[in-house]
Structures are given as C-alpha cells and as structure tokens.
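Note sheet for the following structure.
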Amino acid sequence: MTNQANETKVKRESKNKIRVEFDRTPLLERLKGRYLSTFFLGKIVWYIFRLALLIGVCYVILFPFYSKISSSFMSAEDFVDVTVRLVPKYPTLDTYEAIITENGYLEALLNTFILSVTCALIQTFVCSFVGYGFAKFKFKFNKLLFMLVVFTMIVPHSTLQLSMFMEFRYFDILGIMNLLGGGVIDTIRLIDGTSVNLINTYWPLWILSVTALAFKNGLYIFMLRQFFSGIPDELEESAAVDGAGVFRTFITIVLPNAIPMMITVFMFAFSWQWTDNFYTDLFYTTSGPVLMPDIVSVPLSLATSSAASNMVTTAVYNTCGILILAPLLVMYVFLQKYIIQGIERSGITG
Amino acid sequence: MALFRKSAKQLGIVKERKKGASLQARKARSGWLFVLPFLLGFVLVYLPIIIGSLKYCFHEIDILTGGGYELVWVGLDNFFKAFEDATFVETLMTGLSGLIIDIPTILLFSLFIAILLNQKMIGRAAFRAIFFIPVLLTTGLIASIDASNSLGDYMDSAGESIDTGTGGSAAQEIVSATDLQSLFSNMVVGGELATYVTQVVNNIFDIVNRSGVQMLIFLAGLQGISPSIYESCQMEGASPWETFWKITLPMISPMILVNAIYTVIDSFTSESNKVMSYVNEVYNRAGDGNVLSSAMSWMYFLLVIVVVLVVVGIISRFVFYQKKD
C-alpha cells in the first residue's frame, strides 16, 4: 500500500475529479513487451498468411477474366505470334465489332434483359411472399409443404426436361384452354388443336416464376424464410394492434425491412436467368426470340482456317462471354454492397 | 349477483376462446394464402411435369402429324437400355466417386473462407465482393463456354495455346502430381493423399466456383452467432483455437448439414456435371433419346436421394442444435 503510494501521485483537480500520475515504464520497454511477444508474432504470421491466401484465391477468380479480356482484343497476328501471351501486340476491336453486328448482340441484349428483369422481379416477390408464409404462419402441413419446396430443389432439371418441354409445348392446365376458346388464346398466339404452344414465348419462364418453380427458387424461398423468421414477431403484432391486415403488414412493414435480402435474391435470379442456357435451350428454338446463348458463335468475317483457328474460336467465344457478362458486372458493382448487407442481416440458423 | 357475475365470466371465457380460435384460424388461412402461389404451381404445373416425366420412362413417343402425340407402353425397356449403355454406367460411377472427393473439399474450403471473410481486416468488403463473383457470373452459359474452351485447349495442347486460365488448362500448371508425390514420399504419407491434394489444388478454380452459395450460407451462420458467447469465452481465457472447436464449430454445425445437402444437390444438378451433360447429350440424340434420357435421369435422381440420405445420416450425428427457450 505504501509502496504504491510512493509510485503514484494522486492529484485532486476538482471536487469530483482526480488525476493519477505514475511513473511509466520507458517507451522502448513498452514497445518490446508489445511487439516481441509470441502472441504478436503469431498474429503477424496469421495476418500475412490470411492476406496471401485471400489474394491468391482472388487471383484464381480474377485471372480468367483478365486473360479473356486480353485475348478478346487480340488480332489474328497475335494468335500466330508465340511471344504474345497476355498482352496483345496489335490490339483491335474487330472481334467485338463482328459479334455485335453479325451475331445480333443488341437484339439478344434487349430480349434477354426483358426476360431476365421480368422473371427476376416476379421470382423475388413471389419467393418473399411464399417465404413469409412459411416463416410466420402456423398452419397444418406447413412442414410438409416446405418439404415439397426442398423436393423441387433436389430433383435435377434434366430429369424433367422432356416432360417440361411437353407441358409447355402442349400447354393445357386441366383442360381450361379447351373450354375458354378464343379471347385468351389469341393473346398467347399459336394454337394447335386443343392445346396452346408456349414454346418460343416468354410464358413458360413466367409461369414457372409466378409459381416459384423456376431455377433455384427453392433456395430463394429457403433464404427468405430464414430471413423472415429472424424478424421479431412484435413488429407484426404492433402493426396488427394498430389495425393493419396481414397483407398490409407484409407490404408496409415487413418488405421494407427485407430490401437487402430481396436485392440479394434479385441479383441471383437476374444473373442466373441472364446466363441461363438450360431453359433457353429447352424453350426457345432457332425461330424464337434471339437470346444470349444464340450469339455464342464465330461470326463469318472472323472464321479462319489457319493454324490458330482453335485459339481464334476460343477467343471469340470468350469475347461473347465478356459481352454477355458486361451488363451483369456493371450491375454487380452497384449492387454488391446490398448482397453483403443481405448476408449480414439474414442470420440464417438451423 | 354472484350468479350473474359467474355467467358473465363464463360468457367472457366462451367468447374469448371463440375469438382466439378464430384468430388462429384466420392466421392459418392467411398462411395458406401466402404459400398459395407455390402450392398452385406445384399441383397444377409441377406435379403433371413430374408424373409426365415418370410416365415417359416407361413409354415411347410418337409425334402425330396433326399435332399432339401418342405414347406407346414399353415397360422397363428404357431402364434396361440405360444399363446396357456402358458410357452411362461409367460416367455414373466416376461422377459418384468425384463427389466423395468434392463434398468434404467444398465444405472445408467454404467454411475456411467464410471464417476468414468474417474477420475484421482491411479490404474485407473488396474481398467479399470478389469472392461472390463466380457464383453469380460463372454459371450456365459462361460455364459451358469455359468447358468448351478447356476441351479446345486439350485438343490443342500439343501446340502452343493461349492461356485461357479456365478450368483445367491453367490449373495444370499450378502443381504437378509427380513433384508432390516425391515431396510426400519423404514425409511417409500415402500416395492417395498426394493425389488428393494435387487434385484439390488443380481444381481450385472449380472449387472456388462451386462454393459460392455455401460460403454465403456459412457467412450468414457465422454472423448469427451471438458475440456475447465469444466475449464470455475470452473472459474465461479460451484461446482462439479452443473457441473455434468449442463454440464456432458446434454453432455452425446445422449450416454444415445444410451445406452438405446443398453441395450434393448442386453438384448433381449442375450443368458441368459429367452425368448431366451425358444425359443432355442423350436427350438431343435422334430417335428415342428423349425417353431414354428421362429413364437415365430418374435412375440418377434415385442415386442422388440415396447419397443425400447417407450424407444426412452421417452428418446429423454431429449436429448441435442450440436449445431456444
């Protein structure tokens, strides 16, 4: 006690404030204690290791994009030149020009944009609707119905491709089309016999979206269900006490809270629809609307039979890939922070 | 008076109970309303598709000239044909054995990366943004372009090829199996481990590509662990290593189950899967290809179910659920 009193000086500054002054250990000693400990060294090693690993994986992710982009600017001479590897010697925009003008890129862009935006919007809203139903309401068969959602996730698409094609080629739910005749069918166009042909229209994907059966919708429902079950019940209860109905509560209270999560789902739905080639190959023949998969081919003006034709083909395909991805990348740059937010708020458990 | 009060009370109780029941019923009804889109779609669109697909397995299709089609019953013929197809059985087997390597690798990798991305550090947002690029962008069309590229490179590998850096082509240069084998032989571990490690390293692009969603789910799970648990651990003097095994792993174990199932399903259903692409090839084959592919993919689906059940059976023994009170 007395020892301590010798080292420290207690000064009373005012009535309620005191200041303690004590002899500090010299700066060098303090730094030594801090930076020469095994704890600190371990931290440094871990920090470097972590950084190296993350940068390495980032390299693995980004390098293909870089090599694709650089090869897309290469001209025919560059492919023959052995010394050219990653930086083109004679950069040219011919590949882009040929693809945009000859492969109908702009038309594909417009069509795919319309299709993807509508599908992604519908899927986002329907899945949040359904996910909310699963998360917040206790009703008979809730668990069973959710198992069905998981079931739709498990069944591979290829198992269903034939009957999916048949379903929409000869589209007729419970014979309704047979009964309705005229009016409705005119808007859907192409009738044959007693059923409607929906192939080469946007309807198959729209119908799948509205019913939450499209690509990976089970995953979206799962994600949104987890998110909504994390929202406290009190929020809805207070809305209900204030006299809001279930739907009004959902739209005005719950949905605004779910916006980051919904943007995440929208991003997934949009970009997976954008780059999708399973459904587009299945539902759209060559006579249908021009979509992204249709532009992946070598334009006539670029077709060569030289020694490097393999590389040219690869480069042209990659350029097509870049052109397809460009709009997505722009969107990702703007929306990625919502994805991170969506993850941070989702708090998925069990 | 007393009698009146009692009856009023009874009345009140009756009224209250009735009201409560009706509220519950109303909530249940709106619950049904919310899941209605899915339910309708499932009954009206999905079930016919599923049943149709099952039906096609046992039939042959004749497209009629006047529109419409006719089914001819052939029994189990399609299944026998699928079994006689040597390529199908072979791809099925290699696909299955590939999965046994893939599941643990993808799970470990995505958990590890999720833990890294969950730590506070400089540039975390940038790293996260980059790590989610593959899952969003390298799917479907782009994946198939990449696949055709690596095929082209493979055919072109005798000459000098440009480094597209996709799939196998760039990866071949990362580690060679023989180098690692000699390294491992000095360390007296089995050759299997060496080949496993080289496979993992060489497929790193593929693995990064396929662990995006898993990473997301793990990250969300890690965010869901209450910081107060970690705080109390620190107060008790647990090292980070102990904290990981005693806290993080048990708390994240339900996510491991979810991710394992997702990984199995995803690698079974993805387009890059060899079996799937073979089934697709059969589907586009002239003649009875489409019904045959239906039969094949149903057999494949049954296999998926078996694998999922096995995985669930193994992992759910170790899953820890935090009791909520």
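Excluded from the calculations below are hydrogen atoms, water molecules and symmetry mates; all remaining heavy atoms, backbone and side chain alike, are included. So that the names make sense, note that chain A is the first sequence line, chain B the second, and so on, each numbered from 1.
Using a 4.5 Å cut-off between heavy atoms, B/Ile51 does not touch chain A at all. With a 4.5 Å cut-off on non-hydrogen atoms, A/Tyr332 touches chain B through its side chain but not through its backbone. For A/Phe141, the part sitting under 4.5 Å from any heavy atom of chain B is the side chain, from C-beta outward, and nothing else. With a threshold of 4.5 angstrom between heavy atoms, B/Ile261 does not approach chain A through any atom at all. Contact of A/Val333 with chain B is not made at all, since no heavy-atom distance falls under 4.5 Å. Looking at A/Leu145, the atoms closer than 4.5 Å to chain B (heavy atoms on both sides) sit in the backbone and in the side chain alike. Heavy atoms of B/Phe109 lying under 4.5 Å from chain A belong exclusively to its side chain. For A/Leu53, the part lying near chain B is the side chain, with the backbone staying farther off; criterion is any non-hydrogen pair under 4.5 Å. Proximity to chain A is limited to the side chain of B/Ile113, based on heavy atoms less than 4.5 angstrom apart. Contact annotation for B/Ile252: neither backbone nor side-chain heavy atoms come within less than 4.5 Å of a heavy atom of chain A.
Between A/Lys216 and B/Val213 the shortest side-chain heavy-atom distance does not fall below 4.5 Å. Looking at heavy atoms from C-beta onward, B/Leu117 lies in side-chain contact with A/Leu54 at the 4.5 angstrom threshold. Within the 4.5 Å cutoff, the side chain of B/Leu116 has no heavy atoms near those of the A/Phe49 side chain. Using a 4.5 Å cut-off on side-chain heavy atoms (C-beta onward), B/Leu216 and A/Phe268 make contact. No side-chain heavy atom of B/Val35 sits under 4.5 Å from any side-chain heavy atom of A/Asn142.
When A/Leu325, A/Ile221, A/Leu208 are compared by the number of non-hydrogen pairs under 4.5 Å with chain B, A/Leu325 comes out ahead. The candidate from A/Leu328, A/Ile324, A/Thr152 with the greatest count of non-hydrogen atom pairs under 4.5 Å with chain B is A/Thr152. Between chain B and the residues A/Tyr47, A/Phe134, A/Trp272, the most heavy-atom pairs under 4.5 angstrom are made by A/Trp272. For the set A/Phe270, A/Phe215, A/Phe151, the count of heavy-atom pairs under 4.5 angstrom toward chain B peaks at A/Phe151.
A/Phe247 and B/Phe34 have their aromatic ring centers within a separation under 6.0 angstrom.
The side chain to side chain contact (heavy atoms under 4.5 Å, CB included) check on A/Leu282 picks up A/Gln161, A/Met164, A/Phe165, A/Phe278, B/Tyr283, with sequence neighbours excluded.
Interface with chain B: from residues 125-133 of chain A, residues A/Val126, A/Phe129, A/Val130, A/Tyr132, A/Gly133 qualify, criterion being any non-hydrogen pair under 4.5 Å.
Shortest non-hydrogen contact noted between A/Ile61 and B/Pro134 is CG2-CG, 3.7 Å. The two residues B/Phe38 and A/Leu148 have their closest heavy-atom pair at CZ-C, 4.0 Å. Between A/Phe137 and B/Ser30, the shortest heavy-atom distance links the atoms CE2-OG, 3.9 Å. A/Leu213 approaches B/Phe42 most closely through the heavy-atom pair CD1-N, 4.3 Å. Taking every heavy atom of both residues into account, A/Arg50 and B/Met121 meet most closely at NH2-CB, 3.4 Å.
B/Ile133 contributes atom CD1, which lies 8.5 Å from atom SG of A/Cys58 (distance to the nearest 0.5 angstrom).
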> B/Phe132 and A/Met267: side chain to side chain contact (heavy atoms under 4.5 Å, CB included), yes or no, with the steps?
Replying inline: CA-CA 11 Å; B/Phe132 293 125; A/Met267 276 291 293; over 6 Å; no
> Going through the checks in order, is the side chain to side chain contact (heavy atoms under 4.5 Å, CB included) test met by B/Phe127 and A/Leu51?
Replying inline: CA-CA 10 Å; B/Phe127 280 128; A/Leu51 199 69; 4.3 Å; yes
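Within a 6.0 Å sphere centred on CD1 of B/Ile122, heavy atoms belonging to other residues, nucleotides or ligands number 12 at most.
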